[in-house]
Amino acid sequence: MEAIATDFGIDQALKTLGVKELNNGTSTGSDNFSNGEIIESYSPVDGKLIAKVKSSTREDYDKVMDAATSAFKTWRDMPAPQRGEIVRQFGNKLRELKEPLGKLVSYEMGKSLQEGYGEVQEMIDICDFAVGLSRQLNGLTIPSERPGHVMREQWHPIGVVGIISAFNFPVAVWSWNTALAWICGDVCVWKASEKAPLCSIACQNIIAEVLKDNNLPEGISCIVNGDYKVGEFMTKDRRVALVSATGSTRMGKIVGVTVAERFGKSLLELGGNNAIIITPTADLKVVVPGAVFGAVGTCGQRCTSTRRLIIHESVYDKVRDAIVGAYKQIKIGNPLDENNHVGPLIDKDSVNTYLAAIEKAKAEGGNVLVEGGVLEGEGFESGCYVKPAIIEAENHFEIVQHETFAPILYIMKYSGDLENAIEMQNGVAQGLSSAIMTNEMKEAEKFLSYAGSDCGIANVNIGTSGAEIGGAFGGEKETGGGRESGSDAWKVYMRRQTNTINYSDELPLAQGIKFDL
Ligand code: UN1
């Protein structure tokens with residue numbers, strides 16, 4: 001069949017975004033520096049080769065870094081609110097291009113079209129947030145202990161921000177970083193996932209046009225293409241002041257250590273093993289959609305995906321049956337067709353990891369409640385469509401302790417007090433997102449207290465995924481400790497400077513030290 005693509009307007013979307021021609025290894029925008037091996041991008045939707053993109057060689061990378069470091073000098077001179085104006089224009093372009101970009105995200109990555117649009121909406125939202133913030137990069141004034149003195153704190157741009165992003169959020173996570181970094185006065189070099197290179201080139205085209213319209217150097221936003229080797233150029237490079245990396249814990253450990261070795265800064269947003277605690281007073285109307293969307297949304301490939309349900313024994317059967325029942329309604333298929341809830345996994349390696357995880361869970365004693373498996377036949381030719389599975393398991397199973405990027409939901413019982421559920425929820429190495437379903441105020445507050453969830457995100461009567469950009473996003477423990485997007489996450493993109501100013505005619509020393517000459 002000739003391109004599902006044409007059926008859902010993908011061809012048109014690719015043309016509008018200026019990436020249609022990338023099927024022969026050409027590149028566009030600031031990416032025209034690339035001269036390395038060809039990366040092929042296959043859509044998990046229909047298995048088609050949709051682009052060939054050249055990866056960056058060491059020389060290409062150095063040219064990009066030269067462009068970025070020289071653009072930084074121009075960009076940091078611009079007042080922050082004026083930088084905000086550029087981000088505002090970028091956000092407006094995204095509003096215009098929400099449909100084609102959302103479609104490309106869905107087609108290249110495989111998430112549902114609604115989620116593809118949602119991702120672009122997150123980009124628009126973070127631009128709005130950053131525009132406002134561009135007038136609020138406020139420092140403190142601090143009382144000095146000395147007469148005629150004042151202390152203050154200022155925030156300055158840090159320089160080049162390297163962004164390493166994952167395939168699962170191929171556009172939004174980049175924008176969380178760039179929108180903030182740009183208003184802070186930094187320039188960005190982006191290494192997107194080699195599994196979604198077209199999305200990054202499309203984004204680069206959009207910002208490159210905004211920069212051109214404003215006679216600004218394109219080096220303010222750069223991309224480099226390739227696998228971990230290109231990422232390594234960045235992590236080892238002293239010119240990259242901050243490396244913001246999203247991906248697996250395994251990758252994050254390498255990035256964190258390499259960047260720390262040269263005393264660079266890193267922002268790590270790594271794996272999650274997110275649980276929902278379901279208490280006796282939980283409302284099923286909230287529990288079922290929250291848990292099901294959390295577990296199967298994006299085909300279980302969000303770092304915030306719900307992996308575990310910890311259900312009180314008194315409501316266990318009722319909740320289990322409701323969730324198993326809801327799984328029967330899930331439609332799996334082409335994510336561009338809005339009737340489907342769940343699209344494919346990113347590639348066949350992911351399918352194999354998913355299958356192996358189910359086998360491992362069974363071998364450890366798990367009881368399969370909803371069978372998994374790979375879908376075959378018409379519409380499933382890519383081989384990447386799988387059935388969301390539910391397995392009754394124990395928290396201590398090795399496979400349960402591990403993040404599998406696939407729609408496998410482990411359900412388990414707790415008995416007695418909430419403390420027991422919290423202990424299970426916290427009893428994993430990761431610490432990204434968590435939730436409690438309860439109508440009991442004391443339980444909710446206990447869960448949110450210092451003795452409650454140990455995660456960066458803790459929700460009440462909401463699932464674990466779908467965080468808004470206004471809050472700081474990220475997690476503790478093996479999730480890496482970084483915070484992106486809202487709240488005061490902007491501070492990591494700047495360097496703090498403490499100033500002490502003496503406006504008296506004397507030179508009193510701090511701590512009352514006498515030093516008379
Ligand atoms: C991710 O999975 O890397 O909370 C990001 C969410 C989204 C972001 C997830 N806003 O699910």
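Counting convention: from 1, in listed order, for ligands and their atoms alike. When reading the values below, keep in mind they use all heavy atoms of this one structure, side chains included, and skip hydrogens, waters and symmetry mates. Counting begins at 1 with the first residue of the sequence.
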**Q.** Location of contacts on F405 toward ligand 1, heavy atoms closer than 4.0 Å
**A.** neither
Q: Ignoring angles and geometry beyond distance, decide whether F169 reaches within less than 3.5 Å of ligand 1 through its nitrogen or oxygen atoms.
A: no
Q. Can Y107 and D46 be counted as having a side-chain donor-acceptor contact under 3.5 angstrom?
A. yes
Q.
Quick check on contacts: which atoms of ligand 1 are under 4.0 angstrom from a heavy atom of A467?
A. 4 (O), 6 (C), 10 (N)
Q) What is the distance from atom OG of S434 to atom CD1 of I310, rounded to the nearest 0.5 Å? A) 9.5 Å
(Q) What I want to know is whether W176 and ligand 1 share at least one N or O pair that is separated by under 3.5 angstrom. (A) no
(Q) Looking at E371 and K387, is there a salt bridge between them, counting it only when a charged N and a carboxylate O are closer than 4.0 Å? (A) no
Q | Test of proximity, T246 against ligand 1: N or O pairs below 3.5 Å | A | no
Q. Which residue and non-hydrogen atom of the protein lie closest to atom 6 (C) of ligand 1, and at what distance in Å?
A. G466 N, 3.2 Å
(Q) Quick test of your reading of the model: are K331 and E338 salt-bridged, counting only N-O distances below 4.0 Å? (A) no
Q. How does N168 reach ligand 1, by side chain, by backbone, by both or by neither, if only non-hydrogen atoms under 4.0 Å count?
A. side chain
**Q.** Modelled atom types, side-chain donor and acceptor of N177 and Y493, under 3.5 Å
**A.** yes
Q. Of all the atoms in ligand 1, which lie at a distance below 4.0 Å from a heavy atom belonging to E269?
A. 3 (O)
Q: Of the side chain and backbone of E122, name the one, both, or neither that has a heavy atom under 4.0 Å from an atom of ligand 1.
A: side chain
Q.
If we count only N and O atoms by modelled type, under 3.5 Å, do the side chains of Q121 and D125 hold a donor and an acceptor together?
A. yes
Q: For ligand 1, find out whether one of its N or O atoms is nearer than 3.5 Å to an N or O atom of C303.
A: yes
Q. Where the side chain of N274 meets the backbone of T464, is there a donor-acceptor pair that is under 3.5 Å apart?
A. no
Q | Where ligand 1 meets F473 - atom numbers and elements under 4.0 angstrom, heavy-atom basis | A | 4 (O), 5 (C), 9 (C)
Q. Are side-chain N/O atoms of Q430 and T249 paired as donor and acceptor at under 3.5 Å?
A. no
